[in-house]
Amino acid sequence: MAELYSIKDLETQFHTREGTVHAVNGVSLSLQEGETLGIVGESGCGKSVSMLSTLRLIPQPPGEIVAGEAIFQGRDLLKLSREELRHVRGAQIGFVFQDPMTSFNPVHTIGKQLMEPLEIHLGMNKKQAWDRAIEMLKMVRIPNPEDRLKDYPHQFSGGMRQRAMIAMALSCSPQVLIADEPTTALDVTIQAQIMDLVLSLRKELGMSIIWITHDLGVVAGIADRVIVMYAGYIVEEARVKDLYAKPEHPYTLGLLRSLPRLDMDEKKRLASIEGVPPVLFKKPKFCPFASRCSFRIEKCLDENPSLMLVGENHKAACWVDTYTGKER
Amino acid sequence: MPEKDVILHVEDLKMHFPIKRGVIQRTVGYVHAVDGITFDIYRGETLGLVGESGCGKTTAGRTILQLYKPTAGQIVFEGKDLVKLKNEEMRQIRRKIQMIFQDPYASLNPRMTVEEIISEPLLVHNIENGKEIHDHVRSLLELVGLNPAYVDRYPHEFSGGQRQRIGVARSLALKPDLIVCDEPISALDVSIQAQVVNLLEDLQKEFGLTYLFIAHDLSMVRHISTRVIVMYLGVFVEMADRKTLYENPMHPYSIALLSAVPIPDPKVEEKRKRIILEGDVPSPINPPSGCRFRTRCPLAQAICAEERPEWKEVEPGHYVACHFWYNTKSLQRR
């Protein structure tokens, strides 16, 4: 498999009244052709901000991309001119946002909004764009697409809006689709519809997907490889089966243990992770998870571990081997 | 099994909200938010009420507390029908039925300190005063795992999980028997959810509390509940003890809903077959005739549009509202 998209040492900060928040602290990842990469973490862990940063979609100020590269087709997206970047965004990299209620413009019809990227990126005329928009709505299984194109976003249900958003993101046949919590605002039966849709479109269109979510269940069903983030750092990276079968970072382990399982009749107490994630006003000198970690050793408070290889295609940022309790 | 002690009985409860239009605010229709539900809550249990957004589960919880005046039905608590009570009598009952709200950001007054928030129910009901209240608030904070030194802080100084703990402390102040928990953890991060659920379970053991636990997270409901009710578009479709509902669901909607929940294990996910329900939940303004679920049901027949299915006890304690409850096994493929 060839590497399609890669991010190197990305750092993003937000300058707020309370101080500078270090939201993304040196994130590196690569996306292979045809693969689905899941990025998991809790709110504020930097999973969305890192992806938004690479397409320069964060407001600057207060945001600032301090360092890093985002290489797509041999070019660094962070160094492109606005005009050049515009040809990448929406055309070659599609983006699906979390909230289908607010990511459409309420005063334009769905049709107009679906046609816009087609006219801009692919140079279609109105008629061609209209036909293609109908095709796209059909692809995401919205009934009566000819009529629905004339509707305004408020006339669509949440699930349909998310379908239309996916149609828009895929309309220019991008090579990469970045989906930022695309099912979080939806009910579970509608989430199942959307996951089913994306999985079948991936087969049909052969694109690569970055799927950002906080739901470890969703990732288990959709991703080939998973990245776990905490406090702006990648703390673990593995193939999906390895991550769930043998989580190596105490945070991943804690998250998995704190989840009750639908398919298991257990009444035992949930293993919760005590405390709350930190807001980083300074880059930590030691492991940002140390204060909540039950495996903590002295070294954890002296030095922040970087990602190290702990198995085949499996990396974790932790000084401790969670299976022996000893230092790696 | 010992005789079950019914703490709350609900009989054919309906809550229809009028839709008003025009200058004279004429009623042009009704939202059938809750449309005839009957159930008991037993003392000491956790009754889980699950359903998707708009199914009426929150309205059901609020109506029990008389936060809305129900359109029809009875709510019997300690031998009294709450619907018929005068305001003052209801106020007395509210000491025994409390509520924990979904949004820990909106349910605490930002201008009040923690002490003011938690002591308000004590003052309103004129139970304690001065020093007593002061000590009581501190002990409540300790009970929910917060530092008693935080009494003078304001809600914004706390994280979401801590705020939900404040809400729990407030609901415990009057030593209630029954607490309606309306999605108490859905606004919280995964690692914090377990903390709050553990707290609720500990408190239940310590004080013998009864919970009505309203949620959409089916995995968490399985963990916390004794019995579970599944709701769809204003009506109940199935009710059973926890194990039966999750291992042997009979209503097509329960089966589809359970199959749609992702399980955090790729090996299980690989083998699972999801039942993908077509379309969306219909509007509760004009709900479908007969069975409410028929428009999305893979097993629907002509009779489903004509007759509302009976709420039938198909085995002891297991209720299903489906014409074809005996024939839904074909949907269960794991």
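Every chain is numbered from 1, with letters handed out A, B, ... down the list of sequences. Just so you know, these numbers come straight off a predicted model, no measurement behind them.
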Gap separating the CG atom of B:Leu257 from the CG atom of A:Leu262, nearest 0.5 angstrom: 9.0 Å
Backbone N/O of A:Arg269 and side chain of B:Glu201: donor-acceptor pair under 3.5 Å: no
B:Asn286 atom CG: more than 12 heavy-atom contacts under 6.0 Å: no
Chain A contact via B:Val221 - side chain, backbone, both or neither, heavy atoms under 4.5 Å: neither
B:Arg274 vs A:Asp196 side-chain heavy atoms within contact, under 4.5 Å: no
Chain A contact via B:Glu52 - side chain, backbone, both or neither, heavy atoms under 4.5 Å: both
Straight-line distance of B:Asp280 CG to A:Leu186 CG, nearest 0.5 Å: 9.5 Å
Side-chain heavy atoms of B:Arg296 within contact of A:Thr189, under 4.5 Å: yes
Part of B:Gln193 lying under 4.5 Å from any heavy atom of chain A: neither
Nearest heavy-atom neighbours spanning A:Tyr244 and B:Pro264: CD2-O, 3.2 Å
Residue B:Ser53 versus chain A: region with a heavy atom under 4.5 Å: both
A:Val188 vs B:His216 side-chain heavy atoms within contact, under 4.5 Å: no
Shortest non-hydrogen contact from B:His223 toward A:Pro260: CB-CB, 3.6 Å
Proximal component of A:Arg292, with respect to chain B [non-hydrogen, under 4.5 Å]: side chain
Region of B:Val197 that comes under 4.5 Å of a non-hydrogen atom in chain A: side chain
A:Leu270 side chain reached by B:Gln195 side chain, heavy atoms, under 4.5 Å: no
Greatest number of heavy atom pairs closer than 4.5 Å to chain A - which of B:Gln162, B:Glu269, B:Lys267: B:Glu269
Residue-level contacts of residues 218-230 of chain A with chain B, using a heavy-atom cutoff under 4.5 Å: A:Val218, A:Ala220, A:Gly221
Residue, of B:Asn198, B:Leu218, B:Ile192, B:Val196, that accumulates the most heavy atom pairs under 4.5 Å with chain A: B:Asn198
pair B:Pro262-A:Gln191: side-chain heavy atoms closer than 4.5 Å: yes
Inter- and intrachain pairs under salt bridge (charged side-chain N to carboxylate O under 4.0 Å, His left out), touching residues 249-262 of chain A, at least two apart: A:Arg261-A:Asp263, A:Arg261-B:Asp265
Among the listed options A:Ala271, A:Gly275, A:Pro277, the residue most often paired with chain B at heavy-atom distances under 4.5 Å: A:Gly275
Part of B:Ile276 lying under 4.5 Å from any heavy atom of chain A: side chain
Largest heavy-atom contact set with chain B, pairs under 4.5 Å, which of A:Lys268, A:His214, A:Met264: A:Met264
Which portion of B:Ser283 sits near chain A, non-hydrogen atoms under 4.5 angstrom: neither
Non-hydrogen side-chain atoms of B:Ser191 and A:Glu42 separated by less than 4.5 Å: yes
Within 6.0 Å of CD in B:Glu278, more than 12 heavy atoms from elsewhere: no
Chain A contact via B:Asp217 - which portion, at a heavy-atom distance below 4.5 Å: neither
Contacting region of A:Ile273 [heavy-atom separation from chain B under 4.5 Å]: both
